[in-house]
Amino acid sequence: MPEGHTIHRAARLQRRALKGKVVRADSPQGRFAAGAAVLDGQTLTGIEAYGKHLFYRWSAGDTLHVHLGLYGKFRAFRREDPADPLPPTTAGTRLRLVADDIVLHLAGPTACDLVDPAQEDALVARLGPDPLRRDADPERAWAALARRTIPIGAALLDQRILSGVGNVYRCEALFVTGLWPERPARALSRPEFDRIWATVAAMLRDGEKAGRILTVDPADVGVRTRSQVPGGERVYVYKRDGLPCRRCGTTVLTWTSALRAIFACPSCQHAPAALEAAS
Ligand SMILES: [Zn+2]
């Protein structure tokens, strides 16, 4: 599932390509035919990201809500000449937007619907603060964590507590902050929470800018700059189970947390002593 940085980046790039333009909209697959007909011919006035949700604003006051879910994908095309034929769609292309030389396909989303202000408010009210938004209030996440007995590893994936974090960043942020994923969320101290928030925010901002996930400090993989980090060495623990920790050499462990595989170094992340002895 794409993490929040992918969604914010898509919003930024699509805004640049489509904002202020009259857009032709249709649903090649047919499942969003009625909605696309409402948008067809309107001017796109803005795109806003909130966690993993996108909201497209249109000149007649409509709002399109998109959530990619596990399988949703955007594909953007640029046509040399607006008179050229449109690129082929697939059986899953729910929505096609065309403006001048830009063509955008949306396939396989979990949600692609028109929402009214009340529906949008209800959606956003269920989301925890998104560290990539200027209006993000970390106090809300801190208060939500204090009420939860679930482990911090599971809490980071719960979009009601904090929005935008997916599986890679939860593993990497817990490694970088030295926190064992099974610590109860409400046992975190305020300084620990502040470190988690700052780390997640920095990772998401970085991923939004770069369009990819790179969480290692170059020095930890023996290079000087981020651009020198080899493709296979961009993360500390994610999917590195059975391999030696990049910092201490201890074997990285994996187990299931909140239905997804989680990865951690028992030594760097201060696992309970019994577990460390067994590993
Ligand atoms: Zn380690």
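Since this is a predicted model, take the numbers as computed values, not measurements. This chain uses plain numbering: 1 for the first residue, then up along the sequence.
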Atom [atom1] of residue position [X] - does it have more than 12 heavy atoms of other residues, nucleotides or ligands inside 6.0 Å?
| X | atom1 | answer |
| --- | --- | --- |
| R24 | CZ | no |
| F77 | CZ | yes |
| Q228 | CD | yes |
| R160 | CZ | no |
| R190 | CZ | yes |
| K21 | NZ | yes |
| R31 | CZ | no |

Heavy-atom side-chain proximity of [X] to [Y] below 4.5 angstrom:
| X | Y | answer |
| --- | --- | --- |
| R246 | V221 | yes |
| V229 | P218 | yes |
| F175 | T215 | no |
| R16 | R12 | yes |
| V23 | L39 | no |
| W58 | L44 | yes |
| H65 | E120 | no |
| L70 | T110 | no |

Any donor-acceptor N/O pair, [X] side chain to [Y] backbone, under 3.5 Å:
| X | Y | result |
| --- | --- | --- |
| T254 | I262 | yes |
| Q42 | S59 | yes |
| S163 | G128 | yes |
| R148 | A155 | no |
| Q269 | G178 | no |
| R240 | Y236 | yes |
| Q159 | V165 | yes |
| T43 | G20 | no |
| T250 | C245 | no |

Is it possible for you to say whether [X] and [Y] belong to one hydrophobic cluster, with membership spreading through side-chain heavy-atom contacts below 4.5 Å?
| X | Y | result |
| --- | --- | --- |
| V38 | V98 | no |
| V168 | I161 | yes |
| W142 | V200 | yes |
| V103 | L13 | no |
| V124 | I47 | no |

Identify the heavy atoms of [X] and [Y] that sit nearest to each other, and give their distance.
| X | Y | result |
| --- | --- | --- |
| V237 | C265 | CG1-N, 4.1 Å |
| R79 | P87 | CD-CD, 4.4 Å |
| A49 | D130 | O-OD2, 4.3 Å |
| Q119 | L114 | OE1-O, 4.0 Å |
| G153 | S257 | C-OG, 3.8 Å |
| L68 | P2 | CD1-CG, 3.9 Å |

When the ring planes of W197 and F193 are compared, do they come out parallel, tilted or perpendicular, using 30° and 60° as the limits?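 Rings of W197 and F193: tilted, as their planes differ by 30° to 60°.
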According to the interplanar angle, ranging from 0 to 90°, do the rings of F263 and Y238 count as parallel (below 30°), tilted (30 to 60°) or perpendicular (above 60°)?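 Correct class here is perpendicular.
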Applying side-chain hydrogen bond (donor to acceptor under 3.5 Å, both in side chains) to R133 and Y50, what does each step give before you reach the verdict? CA-CA 7 Å; R133 289 177 60 91; Y50 202 124; 4.8 Å; no
Show the numbers, then the answer: is there a side-chain contact (heavy atoms from CB on, under 4.5 Å) between L64 and L95? CA-CA 11 Å; L64 166 70; L95 174 65; 3.7 Å; yes
Kindly state each residue pair satisfying ring pair (Phe, Tyr, Trp, His ring centres under 6.0 Å) with at least one member in residues 5-41, sequence neighbours excluded.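 Of all non-adjacent pairs touching residues 5-41, those that pass ring pair (Phe, Tyr, Trp, His ring centres under 6.0 Å) are H5-Y169.
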I'd like to know whether V223 forms a side-chain contact (heavy atoms from CB on, under 4.5 Å) with E233, so could you lay out the CA-CA distance, the side-chain angles of the two residues, the decisive distance to 0.1 Å, and finally the verdict. CA-CA 11 Å; V223 296; E233 300 185 19; over 6 Å; no
Rounded distance (nearest 0.5 Å) linking atom [atom1] of [X] with atom [atom2] of [Y]:
| X | Y | atom1 | atom2 | answer |
| --- | --- | --- | --- | --- |
| L132 | I7 | CG | CD1 | 11.0 Å |
| F74 | L97 | CZ | CG | 8.5 Å |
| C112 | H67 | SG | NE2 | 13.0 Å |
| R260 | N167 | CZ | CG | 4.5 Å |
| L106 | T89 | CG | OG1 | 12.5 Å |
| L162 | R140 | CG | CZ | 9.5 Å |

What's the verdict on side-chain contact (heavy atoms from CB on, under 4.5 Å) for E172 and I213, showing C-alpha distance, side-chain angles and the deciding distance? CA-CA 10 Å; E172 296 295 302; I213 293 178; 5.5 Å; no
Looking at R170 and E3, does any basic side-chain N land under 4.0 Å from a carboxylate oxygen?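 No, no charged N to carboxylate O under 4.0 Å.
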Salt bridge present between R186 and E192 (N-O < 4.0 angstrom):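 Here R186 does not pair with E192 in a salt bridge, since their nearest N and O are not under 4.0 Å apart.
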Would I196 and L145 count as a side-chain contact (heavy atoms from CB on, under 4.5 Å) here? Give the steps. CA-CA 12 Å; I196 273 279; L145 283 176; 6.0 Å; no
